[in-house]
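First comes the structure, then the notes that go with it.
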Amino acid sequence: MASRTRRKSETGVTYRNWNESEEKKLYELSIKGLSDSEISVIMDRSVSAIANRRYFIRERGDWGKTAERGDRL
(Lines give C-alpha, C1' and ligand atoms only; values in the text may rest on other atoms or scores of the structure.)
Protein backbone atom coordinates (compact mmCIF):
# COMPACT_ATOMS: atom_id res chain seq x y z
CA MET A 1 0.00 0.00 0.00
CA ALA A 2 1.29 3.46 -0.86
CA SER A 3 2.11 5.94 1.86
CA ARG A 4 -0.41 8.73 2.45
CA THR A 5 2.13 11.46 3.04
CA ARG A 6 1.14 13.47 -0.02
CA ARG A 7 -2.07 14.06 -1.90
CA LYS A 8 -2.93 16.01 -5.01
CA SER A 9 -5.75 18.39 -5.73
CA GLU A 10 -7.70 18.37 -8.98
CA THR A 11 -5.30 20.97 -10.36
CA GLY A 12 -2.25 18.82 -9.54
CA VAL A 13 -1.02 20.79 -6.53
CA THR A 14 0.69 18.47 -4.02
CA TYR A 15 -0.09 18.67 -0.31
CA ARG A 16 2.05 17.29 2.52
CA ASN A 17 0.40 15.89 5.63
CA TRP A 18 1.50 17.14 9.05
CA ASN A 19 3.01 14.78 11.60
CA GLU A 20 3.30 15.18 15.37
CA SER A 21 6.91 16.36 15.33
CA GLU A 22 6.07 19.11 12.81
CA GLU A 23 3.14 20.25 14.92
CA LYS A 24 5.39 20.37 17.98
CA LYS A 25 7.98 22.39 16.07
CA LEU A 26 5.24 24.79 14.89
CA TYR A 27 4.13 25.24 18.50
CA GLU A 28 7.67 25.86 19.74
CA LEU A 29 8.46 28.40 17.02
CA SER A 30 5.15 30.17 17.60
CA ILE A 31 5.66 30.60 21.32
CA LYS A 32 9.13 32.02 20.61
CA GLY A 33 7.33 34.84 18.81
CA LEU A 34 8.27 34.07 15.19
CA SER A 35 5.87 35.27 12.51
CA ASP A 36 4.03 32.95 10.15
CA SER A 37 6.31 33.97 7.29
CA GLU A 38 9.44 33.23 9.33
CA ILE A 39 8.07 29.86 10.40
CA SER A 40 7.10 29.02 6.82
CA VAL A 41 10.69 29.50 5.66
CA ILE A 42 12.07 27.36 8.51
CA MET A 43 9.53 24.57 8.00
CA ASP A 44 9.44 24.76 4.18
CA ARG A 45 5.67 25.27 4.08
CA SER A 46 3.45 28.04 2.84
CA VAL A 47 2.36 30.88 5.11
CA SER A 48 -1.25 29.76 4.76
CA ALA A 49 -0.31 26.19 5.74
CA ILE A 50 1.27 27.52 8.94
CA ALA A 51 -1.73 29.69 9.81
CA ASN A 52 -4.22 26.95 8.97
CA ARG A 53 -2.41 24.29 11.01
CA ARG A 54 -2.12 26.60 14.02
CA TYR A 55 -5.87 27.30 13.77
CA PHE A 56 -6.63 23.57 13.46
CA ILE A 57 -4.53 22.67 16.52
CA ARG A 58 -6.25 25.40 18.57
CA GLU A 59 -9.72 24.33 17.42
CA ARG A 60 -9.16 20.72 18.47
CA GLY A 61 -7.98 22.01 21.87
CA ASP A 62 -4.35 20.83 21.69
CA TRP A 63 -2.51 24.15 21.46
CA GLY A 64 -1.46 24.52 25.10
CA LYS A 65 -1.19 20.78 25.66
CA THR A 66 1.93 20.42 23.52
CA ALA A 67 4.28 21.37 26.35
CA GLU A 68 2.47 19.08 28.78
CA ARG A 69 2.63 16.01 26.57
CA GLY A 70 6.28 16.27 25.62
CA ASP A 71 6.75 14.82 22.14
CA ARG A 72 3.09 14.02 21.60
CA LEU A 73 0.34 16.44 20.65
Rounded to the nearest 0.5 angstrom, the OG-CZ distance for Ser46 and Arg16 is 9.5 Å
**Q.** Salt bridge Arg60-Glu23, side-chain N to carboxylate O under 4.0 Å
**A.** yes
Do Leu34 and Ile42 have side chains that approach each other closer than 4.5 Å (heavy atoms only, starting at C-beta)? yes
When rounded to the nearest 0.5 Å, the distance separating CG of Leu26 from CH2 of Trp63 is 4.5 Å
d(Trp18 CH2, Ile57 CD1) to nearest 0.5 Å is 7.0 Å
>> If the threshold is 4.0 Å, N to carboxylate O, is there a salt bridge linking Arg45 and Glu22?
In response: yes
To the nearest 0.5 Å, atom OG of Ser37 lies from atom CD1 of Ile50 at 10.0 Å
Taking every heavy atom of Asp36 against every heavy atom of Ala51, the minimum-distance pair comes out as OD2-CB, 3.6 Å
Rounded to the nearest 0.5 angstrom, the OG-CZ distance for Ser48 and Arg53 is 12.0 Å
Item to complete: Applying side chain to side chain contact (heavy atoms under 4.5 Å, CB included), run through Ser21 and Lys24 and close with a yes or a no.
Response: CA-CA 5 Å; Ser21 64; Lys24 184 177 187 245; 5.5 Å; no
* Asked: Does Met43 share a hydrophobic cluster with Ile31, counting links as ILVMFWY side-chain heavy atoms below 4.5 Å and allowing steps through other members?
  -> yes
Note: Glu28-Lys32 ion pair, threshold 4.0 Å (strictly below)
no
